[in-house]
Amino acid sequence: MKGFLASMYVGLQIESNWTKKWVWLLYLAAYPIGSFLAVIILYGVFGQKTGLLPYALYGTIFYYSLSMVFFDMAFSVHDDREHYQTLKYIFLSSTSYRTYLCGRAATRYLIALAGIAINLCWLVPVLHLPFHPNWAYLIAGAVLGYLVAAGLGLAMASVFLLTIKLDVDVVDALFGGMFVLSGALFPPTAFPAVFARIAELVPMSPFIELMRRAVSGQILTSFLSDLSTFQLLNRVALSAAVLFALGSVLVAFGSRKAQQKGYIDVTTAF
Amino acid sequence: MHTAIQVENLTRVFNQRGKAPFHALRGVSFDVSYGEIFGLLGPNGAGKTTTIKIMSTLLLPTSGSVAVAGFDVEKDYARVRPLISLISGGETSGYGILTVEEQLWMFSQFYGMETPVARSRIEEYLKVVGMWDSRRQQMNRLSTGMRQKVNLVRGLVTDPKVLFLDEPTLGVDVEASVIIRSIVRDWVQGKPERSVILTTHYMAEADELCSRVAIINHGLILANAAPSQLKQDLDSRAHYEITVDRLDGEQLGLITAFMGEGNDLVLGADKVTNSPMLVAHLMHESDIARLIAALAGQGATLEYMRKLEPTLEDAFLKMVGRRFEDEEAVSPVS
């Protein structure tokens with residue numbers, strides 16, 4: 001637990017210690033805007049008649065929160081190995097590398113959620129978004145969503161442990177692809193049935209839909225509408241358990257292989 | 001349990017794409033006792049860092065075994081790690097945005113230390129290295145020497161049983177080097193169940209600190225003994241440099257005959273004063289008295305005399321056949 005909290009602290013310092021507190025708070029509020037501005041233009045201005053703005057906006061901002069965890073975990077490996085040159089010292093400590101990665105990403109997730117909360121304060125009244133939060137589902141969903149993203153992030157970290165050169169494009173392509181397929185931006189049911197089936201299999205889809213319902217208090221489209229909110233929660237819990245276990249196994253495997261190849265402390269000055 | 005580390009027949013091969021495999025270690029064996037500062041001495045690419053990485057669980061061996069505090073580094077690495085610390089020189093590790101204090105506290109937490117204990121040790125060691133006043137400075141504002149001192153404190157705060165020092169004074173100034181060496185010496189003497197494994201290519205550093213050194217080259221241990229023993233093994237004769245006011249070749253011949261077989265005398269000139277300078281290699285240390293008497297008998301007055309001590313560098317030269325820096329120039333970097 002001490003290791004987890006210390007990792008959270010490092011994550012917070014890396015995120016916030018580069019400027020004055022008030023500038024950082026401003027940044028915290030402004031940063032998520034980039035993720036949903038296009039959605040507002042797309043559905044709030046041009047596609048107003050579709051009525052999909054709440055669906056797409058909630059979907060995008062919660063997908064954004066997951067992406068923070070995913071990217072943070074994936075890039076921490078290179079960050080710590082090449083830039084800070086601390087990876088080997090973390091590896092040799094009593095804290096497991098998985099715990100460290102989870103701690104750092106947890107901070108990033110909380111920061112992302114804080115940014116979302118700040119933005120919802122003006123988005124809801126200005127855009128007349130449905131807002132009837134179910135706090136129990138919202139909190140449970142947030143915790144489980146973190147585990148879903150952490151599972152995927154750990155899997156990606158295991159790949160980066162075995163990769164000397166940083167390949168940002170792979171991560172971008174993977175997460176960009178899942179953004180489209182998860183139905184975060186538009187309801188997959190508007191497309192051929194096969195697309196909707198694929199969307200249901202994307203690990204983030206149930207989480208995003210759960211969070212939409214938990215915030216808006218409504219079922220906004222027919223996507224996953226055959227599942228009750230409780231069933232959705234169970235599906236997210238199942239995804240979280242499977243993905244987190246899988247990510248843990250993979251990062252342990254990646255660590256062992258990196259130890260074998262001598263990649264724990266390799267630096268390339270990329 | 002007196003053995004801190006036991007290394008048996010350790011090998012490590014690095015496969016390189018499109019090249020022949022590189023054999024970094026070719027059957028290395030040695031052990032280290034508690035209370036000892038053990039040095040691994042060799043040029044770049046000799047296998048020192050590879051050995052230390054395997055001992056500290058950063059790298060897996062190709063074959064052979066290493067036990068640290070009785071635990072196998074390959075199978076029981078989770079039990080080894082809380083007992084060890086690694087400090088590498090010549091790097092700028094650390095989170096630049098954290099202060100010195102924050103950085104050290106954070107690592108103490110990774111070892112599960114209670115914060116009051118951690119804070120008290122951080123204070124103690126920062127004062128020892130003379131950095132208490134810099135505790136609130138960000139890491140990225142520190143000089144290389146200061147960073148290395150923080151690195152040393154990070155390694156000591158967790159009170160490890162075995163401290164691995166990989167070129168700890170590389171790239172730091174003379175003053176910082178002296179402080180680091182002094183702290184390491186005091187630290188290992190602080191408790192009986194502590195030991196230090198030091199890799200260095202500074203011969204004088206190994207000579208000063210280590211109770212035992214292994215000379216390693218091309219992945220093989222060439223010698224493993226106390227520095228004094230290595231130097232003694234090099235040449236059992238006593239060596240002196242004597243400057244006199246006058247001495248010619250004829251007189252030298254007479255003195256050489258007087259000293260007898262096995263005692264070699266070489267006549268040259270002092271580079272500064274240009275006075276005759278005799279380099280004497282004597283079978284027994286006590287022969288120096290006879291030599292001084294013989295010089296006096298030839299009317300030569302002693303101006304200056306010093307005993308020449310062999311160095312670890314000389315031991316390396318004898319074992320490898322080349323001087324240390326020449327060997328570095330031809331060695332591959334692992």
Side-chain angles (χ1 to χ4, degrees), chain A residues 1-20 24 76 79-104 107 161 164-165 252-269, chain B residues 12-15 22 24 49-50 52-62 73-74 77-88 90-99 102-115 118 138-140 147 151 154-155 158 160 164 166 334:
Chain A
M1 196 59 190
K2 283 176 190 287
F4 182 81
L5 293 174
S7 312
M8 283 187 76
Y9 181 74
V10 179
L12 180 66
Q13 292 301 314
I14 288 172
E15 283 304 304
S16 66
N17 209 359
W18 51 271
T19 187
K20 293 182 176 76
W24 184 68
S76 287
D79 230 18
D80 289 336
R81 186 163 57 190
E82 298 266 358
H83 184 58
Y84 299 117
Q85 295 179 14
T86 50
L87 184 65
K88 63 178 172 185
Y89 299 122
I90 294 161
F91 251 90
L92 296 190
S93 73
S94 307
T95 298
S96 79
Y97 190 53
R98 183 190 68 176
T99 305
Y100 169 79
L101 284 175
C102 287
R104 264 188 72 165
T107 301
L161 275 169
I164 291 181
K165 291 224 168 187
F253 172 78
S255 302
R256 190 71 173 165
K257 286 301 270 185
Q259 205 185 352
Q260 203 171 43
K261 286 171 171 273
Y263 283 0
I264 305 287
D265 64 336
V266 76
T267 50
T268 60
Chain B
R12 173 68 209 201
V13 181
F14 289 99
N15 292 314
F22 175 63
T49 299
T50 304
I52 221 165
K53 279 185 185 178
I54 293 172
M55 288 191 288
S56 63
T57 78
L58 271 182
L59 185 68
L60 293 177
T62 302
V73 294
E74 217 176 331
Y77 61 90
R79 298 175 83 172
V80 171
R81 286 174 178 171
L83 306 174
I84 62 168
S85 265
L86 169 70
I87 296 159
S88 301
E91 62 179 26
T92 52
S93 66
Y95 295 97
I97 34 83
L98 298 186
T99 65
E102 287 171 333
Q103 163 98 354
L104 294 170
W105 170 81
M106 185 196 73
F107 273 102
S108 75
Q109 297 310 288
F110 289 153
Y111 284 82
M113 287 177 72
E114 293 298 330
T115 292
Q138 285 195 328
M139 288 292 291
N140 57 12
R147 271 187 175 230
N151 207 5
R154 176 193 53 71
T158 55
F164 294 103
D166 189 14
S334 58

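Labels below follow one simple rule: chain letters A, B, ... track the order of the sequence lines, proteins then strands, and each chain is numbered from 1. For clarity, every value in this text was computed on a predicted model and none was experimentally measured.
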Side chain / backbone / both / neither for A:I264 at chain B, heavy atoms under 4.5 Å
side chain

Select one option (side chain, backbone, both, neither) describing which atoms of B:M113 are under 4.5 Å from chain A's heavy atoms.
backbone

How far apart are the C-alpha atoms of B:R81 and B:Y77, what are their side-chain angles, what is the distance that settles it, and do they pass the side chain to side chain donor-acceptor pair (under 3.5 Å) test?
CA-CA 6 Å; B:R81 286 174 178 171; B:Y77 61 90; 5.7 Å; no

Sidechain-backbone polar pair: B:T62 side chain, B:V13 backbone, donor-acceptor under 3.5 Å:
yes

Whether the A:K88 and B:S56 side chains hold a donor-acceptor pair (N or O, under 3.5 Å, no angle test) is what I'd like checked.
no

Between A:S7 and chain B, which part of the residue has a heavy atom less than 4.5 Å away: side chain, backbone, both or neither?
both

Please state whether the side chain, the backbone, both or neither of A:F91 comes within less than 4.5 Å of a heavy atom of chain B.
both

Contacting region of B:S85 [heavy-atom separation from chain A under 4.5 Å]
neither

Given heavy-atom pairs under 4.5 angstrom as the criterion, report whether the side chain, backbone, both or neither of A:F4 touches chain B.
neither

Determine the interplanar angle of the B:F14 and B:F22 rings, folded into 0 to 90°, and report it as parallel if under 30°, tilted if 30 to 60°, perpendicular if over 60°.
parallel

Please check if atom NZ in A:K261 has more than 12 non-hydrogen atoms from other residues, nucleotides or ligands closer than 6.0 Å.
no

Is A:I90 in contact with chain B via its backbone, its side chain, both, or neither, using a 4.5 Å heavy-atom distance?
both

Heavy-atom cut-off 4.5 Å, strictly under: side chain, backbone, both or neither for B:E74 against chain A?
both

Assign the ring pair B:F107 / B:F110 to parallel, tilted or perpendicular, where the plane angle (0 to 90°) is split at 30° and 60°.
perpendicular

Can you tell me which portion of B:I87 sits under 4.5 Å from chain A's heavy atoms? Options are side chain, backbone, both or neither.
backbone

When you measure from the side chain of A:T86 to the backbone of A:Y89, do you find a donor-acceptor pair of N or O atoms at a distance under 3.5 Å?
no

